[in-house]
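Residue numbers begin at 1 in each chain, while the letters A, B, ... track the order of the sequences.
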Amino acid sequence: MAYDKFNILTSTAVPLPIENVDTDQIIPARFLKATERKGFGDNLFRDWRYNQDNSPKENFILNNPIYSGKILVGGKNFGSGSSREHAAWAVYDYGFRCVVSSFFADIFRNNCLNIGVLPAQVSPEFLEKIFRAIEADPTTQLEVNLPDQTITILATGEHDNFDINAYKKSNMLNGFDDIDYLLNIKENIREFAQHRPL
Amino acid sequence: MGVKKTLFDKVWDSHVVHHIENGPDVLFIDRHMVHEVTSPVAFLGIKTRGISVMYPEKTFATADHNTPTINQHLPVADPLSANQLKALEENSKKYGISYWGLGHEKNGIVHVVGPEYGITQPGATIVCGDSHTSTHGAFGAIAFGIGTSEVEMVLATQCIMQTKPKSMRINVEGTLGWGVTPKDVALYIISELTTSGATGYFVEYAGEVFRTMSMEGRMTVCNLSIEMGARGGMIAPDQKTFDYVKGREFTPKGEAWEKAMAYWKTLLTDEGAAFDKEITFDARNIEPMITYGTNPGMGIGISHGIPSAESLEGGVATYKKSLQYMDFHEGDNMMGKKIDFVFLGSCTNGRIEDFRAFASIVKGRKKADNVTAWLVPGSHKVEAAIKEEGILDILNEAGFKLREPGCSACLAMNDDKIPAGKYAVSTSNRNFEGRQGPGSRTLLASPLVAAAAAVTGKVTDPRTLMTLETA
Ligand code: SF4
């Protein structure tokens, strides 16, 4: 059991309507020097969030108390760049359990699924609707329903579906991770390895 | 006739231990590379679970991401970096993994040393907690970057769970023009596809341009696959590949070599095999490239102006934010822009061929006074070749110094940081905001463009400095 189970999440959301948010922005390389998984949330979006003297940048969304919640809504191609799982850790440690976008970079999506953050990919039109709803009312509640694979803007009932493969879905619903699965089939792996030349 | 398969299918399918219904494949990993930054939490994970490394002989460790590139004989000053390096050394020792630490003769950037010592082989599956693992695809391997949870899986079980990506073939036909390098080919493709154009795909590069390309060049191209969003990229192995691999420390010898060769020669996409997507480019349309924005897709031929926001299909606000960060303007010409730093190095362009190219331009010239240049070989082996071939003398005469191997300013985890607001022409792979240091501004380019900038102090078309002899 690696992380909390995910079922239905109802929460306000933090909008970040920027495209191509890369993992260097999510967590800059200089904060990757830990040997334990601790405290990454403090440096989430570090250089967008803080000035060089460590004072908060007032115009950045995470520093605006009007916006909060367990859902981060990002622009297209979210999480491109480096394979650092630290980016997903930072998102999780800060308190987000779900990232919504119209498109995710592959490795970031995988990393999220491996640590219990749900990457929910919706249509560009629905993403726009979410952004507009939050802009109009920052207290807008979203419901992310993993069993049904839907996201709903509760005030209006508008909703969209997202894809997740059945195996990953059941992992998230149960809070299991891949390594438990792999350890269970170690004998098959050993057998397979005997026939690999390398 | 059986089913027609792509090169990618052949390698992938032969590594599937188990397929999960409606889920991913359990993929066997032949070679695993680790470095100090993305491995400590994975090692901690197996320790906490009370398990060990299943096949330590299939994992190789090198220190590169946060190592200093001067005075490597001295203790590492930054305590956090020193701590990570110590953790890698201790973990390697504890679990019986080959460890090439700072000062070790085989030390260097993980994707540079893998091929150098024959860890990288055709038909293998290779992973590492670094997205540019795609480099190894140049040998006809399936190679891609993974997250730390997956590093832990490979340590514990030599497998990861992966959904098979879709396949894309990118053909570049024709002959490259003068002064156009593999880096330009890659930056051109990314600028055409955008940074998410190949997301969800694994790419095979094919066509005349890649067939005639050197192994170093193929590594540069495959390295940058991730920058178009692809999981990885690969090129079918050929005689050039086999000649490169032969006789290296970890490649098969004697009878095993013959057997391996017989297999490797089958690693070609079958005639008529289907790809989910196929794109063809004409080599004649590719110029020396340079980027002007904050993602690698924002690149143009060096003689072009910065596109206007209106010409884009969307994302205008993001585009404007990017230009604002760079302090560039729509319509600006890149040529003649003053620069402050030049970085030659990284797993993209830190191999011997890159230093040869750089030297061909700076030879007989002088470094511009306004430029700080960091020339960082990808490994000790590259460093040794630079000295042996007399390249070091050329560099020194032109006023350049050579640093010691490592990732350096590619991700600026060590002291090699470009200061805020400064412009760097870099041969590395990412120009994201702050990638090379908080506030740094990066222009990605080939070693030739970097050399031209280094001697003129501004963005310069290298072709204006090349003679028939250097070409
Ligand atoms: S040189 Fe850059 S891209 Fe390559 S391994 Fe090092 S940090 Fe990663």
Side-chain angles (χ1 to χ4, degrees), chain A residues 2 17-20 22-25 28-30 32-37 46-48 52 75-77 80-89 103-108 110-112 114-115 124 165-168 170-171 177-179 181-183 185-186 188-193 196-198, chain B residues 17-18 20 22-24 26 28 30-31 37-38 40-41 44 51 54-55 58 66 80-81 83-84 87 121 124 129-131 145-150 152-153 156-161 163 195-196 199-200 229 231 252 256 259-260 263 295 315 318 321 411-413 420 430 432-435 438:
Chain A
I18 300 172
E19 297 182 1
N20 305 317
D22 60 75
T23 51
D24 274 84
Q25 309 317 316
R30 59 186 192 282
L32 309 185
K33 295 189 180 182
T35 51
E36 285 174 276
R37 192 188 142 179
R46 181 76 200 195
D47 293 340
W48 286 352
Q52 290 212 6
K76 188 177 93 182
N77 197 23
S80 60
S82 134
S83 64
R84 61 188 69 159
E85 195 168 299
H86 311 67
W89 297 343
F103 200 84
F104 287 97
D106 276 339
I107 304 185
F108 179 77
N110 257 340
N111 286 341
C112 281
N114 280 336
I115 68 155
N165 84 42
Y167 165 82
K168 285 287 180 190
S170 103
N171 266 4
D177 62 10
D178 287 350
I179 196 160
Y181 186 99
L182 292 173
L183 287 169
I185 59 163
K186 229 171 152 175
N188 303 23
I189 296 171
R190 212 183 294 281
E191 164 73 15
F192 185 92
R196 290 295 317 156
L198 284 180
Chain B
V17 178
H18 178 65
I20 299 172
N22 290 321
V26 174
F28 189 80
D30 295 315
R31 299 287 199 226
V37 175
T38 54
V41 173
L44 201 61
I51 52 182
M54 192 172 179
Y55 293 108
K58 293 183 192 292
N66 66 25
L80 291 174
S81 297
N83 191 38
Q84 272 192 337
Q121 295 174 25
D130 181 283
S131 55
I146 56 175
T148 298
S149 297
E150 292 166 317
E152 186 180 335
M153 293 174 213
T157 68
Q158 207 58 39
C159 288
I160 49 173
M161 317 272 267
T163 305
T195 51
S196 57
T199 302
R231 212 56 223 283
K259 229 175 125 185
Y263 172 58
N295 74 55
T318 304
K321 178 174 178 288
L411 89 167
M413 267 190 89
R430 287 186 174 140
F432 298 148
E433 284 184 32
R435 168 77 177 186

Q. For B:Asn295, is it the side chain, the backbone, both, or neither that has a heavy atom closer than 4.5 Å to a heavy atom of chain A?
A. side chain
Q: Heavy atoms only: give me the nearest A:Ala34-B:Gln84 pair and the separation to one decimal.
A: O-NE2, 3.1 Å
Q) Taking B:Ala256, B:Ala87, B:Cys159, B:Gly129 one by one, which has the highest count of heavy-atom pairs under 4.5 Å against chain A? A) B:Cys159
(Q) Please report the interatomic distance NE2(B:His18) to CD1(A:Ile189), rounded to the nearest 0.5 Å. (A) 10.0 Å
Q) Any side-chain heavy atom of A:Asn77 within less than 4.5 Å of one from B:Thr195? A) yes
(Q) Can you confirm whether B:Glu150 sits close enough to A:Ser83 that some side-chain heavy atom of one is under 4.5 Å from a side-chain heavy atom of the other? (A) no
**Q.** B:Ser149 and A:Glu85 side chains, donor-acceptor separation under 3.5 Å
**A.** yes
Q: Specify the closest pair of heavy atoms between B:Arg435 and A:Ser82, including all atoms of both residues, with the distance to one decimal.
A: NH1-CB, 4.4 Å
Q. Does a sphere of radius 6.0 Å around NZ in A:Lys76 hold more than 12 heavy atoms from other residues, nucleotides or ligands, not counting ones at 6.0 Å or beyond?
A. no
Q) Are side-chain N/O atoms of B:Thr157 and A:Lys186 paired as donor and acceptor at under 3.5 Å? A) no
Q: Mind listing the closest non-hydrogen atom pair of B:Ser196 and A:Phe103 along with its distance?
A: CB-CE2, 3.7 Å
Q | Contact class of B:Leu411 relative to chain A, heavy atoms under 4.5 angstrom | A | both
(Q) Within the 4.5 Å heavy-atom criterion, are A:Gln25 and B:Glu433 side-chain neighbours or not? (A) yes
Q) Any side-chain heavy atom of A:Arg84 sitting closer than 4.5 Å to one from B:Thr148? A) no
**Q.** Under 3.5 Å donor-acceptor, B:Arg430 side chain and A:Gly81 backbone
**A.** yes
Q: Determine the option with the most heavy-atom pairs under 4.5 angstrom with chain B, choosing from A:Asn188, A:Ile107, A:Asp47, A:Asp22.
A: A:Asp22
Q: Please examine the side chains of A:Asp177 and B:Met153, heavy atoms only from C-beta on, and report whether any two atoms are closer than 4.5 Å.
A: no
Q) Do the side chains of B:Val17 and A:Glu191 get nearer than 4.5 Å, heavy atoms only? A) no
(Q) Shorter than 4.5 Å, heavy atoms on both sides: which option in A:Asp106, A:Leu183, A:Asn110 has the most such pairs with chain B? (A) A:Asp106
Q: With a 4.5 Å cut-off on heavy-atom pairs, point out which of A:Thr35, A:Asn20, A:Asn165, A:Ile185 contacts chain B the most.
A: A:Thr35
Q. If every non-hydrogen atom of B:Gly147 is compared with every non-hydrogen atom of A:Asn111, which pair is closest and at what distance?
A. CA-OD1, 3.2 Å
Q) Mind checking whether B:Ile160 and A:Asp178 have side chains closer than 4.5 Å, heavy atoms only? A) no
Q.
So for B:Lys259, is it side chain, backbone, both, or neither that comes closer than 4.5 Å to the heavy atoms of chain A?
A. neither
**Q.** Heavy-atom pair with the smallest gap, counting every atom of B:Thr318 and A:Glu19
**A.** OG1-N, 3.2 Å
Q) Do the non-hydrogen side-chain atoms of A:Arg190 and B:Tyr55 ever get within less than 4.5 Å of each other? A) yes
Q | Intermediate values then yes/no, side-chain contact (heavy atoms from CB on, under 4.5 Å), B:Val26 and A:Tyr181 | A | CA-CA 10 Å; B:Val26 174; A:Tyr181 186 99; 4.2 Å; yes
Q. Quick one: does A:Lys33's side chain have a donor or acceptor within less than 3.5 Å of a partner on B:Asn66's backbone?
A. no
Q. Passes side-chain contact (heavy atoms from CB on, under 4.5 Å), B:Asn22 versus A:Tyr167? Steps please.
A. CA-CA 6 Å; B:Asn22 290 321; A:Tyr167 165 82; over 6 Å; no
Q. Which heavy atom in A:Arg37 sits nearest to a heavy atom in B:Val41, and how many Å separate them?
A. N-CG2, 3.8 Å
